[in-house]
Number of protein chains: 2
Amino acid sequence: MVYTSEHPPFAVTVDIVVLTVRHDQLSVLVVRRGSPPFEGRLALPGGFVHVDESLDAAARRELEEETGVGLEAAHLEQLASYGEPDRDPRMRTVSVAWLAVLPDLPEPTAGSDASDAVWMPVADLGSRRRLAFDHFEILTDGVERARSKLEYSALGTAYCGPEFTVAELRHVYEVVWGVTLDAGNFHRKVTGMPGFVEPTGAQTTRGGGRPAALYRAGTAELLHPALLRESLR
Amino acid sequence: MVYTSEHPPFAVTVDIVVLTVRHDQLSVLVVRRGSPPFEGRLALPGGFVHVDESLDAAARRELEEETGVGLEAAHLEQLASYGEPDRDPRMRTVSVAWLAVLPDLPEPTAGSDASDAVWMPVADLGSRRRLAFDHFEILTDGVERARSKLEYSALGTAYCGPEFTVAELRHVYEVVWGVTLDAGNFHRKVTGMPGFVEPTGAQTTRGGGRPAALYRAGTAELLHPALLRESLR
DNA sequence: ACAAAAGTGTTATTATTACACCCATGA
DNA sequence: TCATGGGTGTAATAATAACACTTTTGT
């Protein structure tokens, strides 16, 4: 294949918006850049796609390499691609961005090799544009996607561990949306929605108070009727 | 910039799923390929992104060049990117796919230069996989996006001309979803939804029967509450 | 007058919201 | 026994769905 001005070569990268709920805050995994451009600035984890590697495989590999975070059981979906001609000063680049949602990990990113990766509350990145490239725009799009998908999909369970209480799931909604939800109504909707959550039969008292039933994620992908963001108080 | 096995060069293309409602069918604009690979097969319009050209500009340019269809006032949104290593036998390619929605044009694609472009009912492409590359997958994703966005966005008006009746808009919903809707309930929801449609004050009898009020698209992007696909009968 | 399509009324059903209240545990 | 959260009851309100009915044109 000959690259010409009409068929020019591009660099193709992946960037991943990894979200979790941590210390009552919606948080994103960021890395500190060790080389130009934007040296020393924060960036989303990501990197170049290899030859003979699919785009989602590249996202998983880069995340693991850069942060030590594995996505085995996690939710991963494509977000969008970003390709403004000037987005990378070095060369013409198209980045395929991904959204990943993880439970709050017991051992954050510690123990991993290359890792300068840290969890950063999304709110702390809101005003100051501390992110390299167009990563602030990618982050904004990822957060908006994550917020809206809570309404009509079962994505909320991806923030929870394999077993969780209804209150823990409600906490995810409250943090991601930044609202307070009615505990009783939320409980009814979630448990009454077929396929959203399934009782494990076990209970826990880890939240304090009366023991709560434990659930695992159900098989439903889409929720109907949706849990609307309006149900706040 | 040096391209290595870790930073390999890619070809980046755009492909556009252009939808309209035509002769009571959801239809997509396709072109007949004039050269290998997949010579003689149908394909979505698209092509290589130029240097110093943004991705959406490339989509508009390729569509105009290949089909003579301009997207000035039309709806255009990014769909997703497709980059399986074997998707193009010639080279490693990533395609950024776009979804466009147009009114049924009076002069289809006639009069345009290079144009082997035709409107094809989506249903006719369903069983036989007559499309080149992974374009059937892209089409499927585009149609699904178009269908689901009718529920919660004002995308339906993009299928209509600058002025339309409620019945014409309802026809769009019925064709895209493949259902029959209750005319009375639809009328109430559409006209009562703030920002969805605005009366022009004029009327038309082009549908036969009692004259219908004409509307233009409103400013709202999102509809609340959503028009659910369940409202069929 | 009649067919056809536009648009309004009416009602049953279902979903949402607010909030009261009881339940089961740890301290 | 008290504080803390889990979970259920209940009633007002709003949205949806079904369908009858009136309106206004062309033929």
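The sequence lines fix the lettering, A, B, ..., with proteins before strands; numbering per chain opens at 1. Quantities reported herein were computed from a predicted structural model and do not represent experimental measurements.
Considering only residues two or more places apart in sequence or on other chains, B:E137 meets the salt bridge (Lys or Arg N to Asp or Glu O under 4.0 Å) condition with none of them. In this structure, the side-chain contact (heavy atoms from CB on, under 4.5 Å) partners of A:A146, at least two apart in sequence or on a different chain, are A:L19, A:L99, A:Y159.
For a distance-only test at 3.5 Å, the side chain of A:R188 qualifies as a donor-acceptor partner of the base of D:dG9.
Between B:Y152 and A:Y152, the ring planes lie parallel to each other; the angle is under 30°, not in the 30° to 60° tilted range.
Distances shown here put every side-chain N or O of A:H187 at or beyond 4.0 Å from the OP1 or OP2 atom of D:dG6. Contact between the side-chain N/O atoms of B:R170 and the OP1/OP2 oxygens of C:dA6 is found at a separation under 4.0 Å.
Residue A:K189 has its side chain nearest to C:dT16 when only C:dT16, D:dT16, C:dT8 are considered. Here the nucleotide nearest the side chain of B:D182, chosen from D:dA18, D:dG6, C:dC19, is D:dA18.
In this structure, B:L181 places its CG atom 16 Å from C1' of C:dG7, rounding to the nearest Å. For B:Y215 and C:dA6, the OH to P distance is 11 Å, given to the nearest whole Å. Atom CZ in B:F186 sits about 16 Å away from atom P in D:dA18, given to the nearest Å. Separating the CG atom of B:L214 from the P atom of D:dT25 is a distance of 14 Å, rounded to the nearest angstrom. Taking atom CZ of A:F164 as the reference point, atom C1' of D:dG6 lies 16 Å away to the nearest angstrom. Computed from coordinates, the A:L169 CG to D:dG7 P distance equals 12 Å when rounded to whole Å. Distance NE2 (A:H224) to C1' (D:dA15): 12 Å, rounded to an integer number of Å. Going from atom CG of B:L223 over to atom P of D:dA15 covers 14 Å, rounded to whole Å.
Along DNA chain C, the nucleotide closest to B:A212 and the one closest to B:N185 are compared, and the more 5′ of them pairs with B:A212.
Of the residues in residues 194-210 of chain A, those lying under 4.0 Å from DNA chain C by heavy-atom distance are A:G209, A:R210.
Side chain of B:Q78 to main chain of A:S81: a donor-acceptor pair is present (N/O by atom type, distance under 3.5 Å, no hydrogens or angles). With hydrogens and angles disregarded, a donor-acceptor distance shorter than 3.5 Å links the side chain of A:R145 to the backbone of A:L79.
Exactly one of B:L131, B:V122, B:T20 qualifies for a side chain to side chain contact (heavy atoms under 4.5 Å, CB included) with B:V28. That residue is B:V122.
Between A:R60 and A:E72, none of the side-chain N atoms (NZ, or NE/NH1/NH2) sits under 4.0 Å from a carboxylate O, so this pair counts as no salt bridge.
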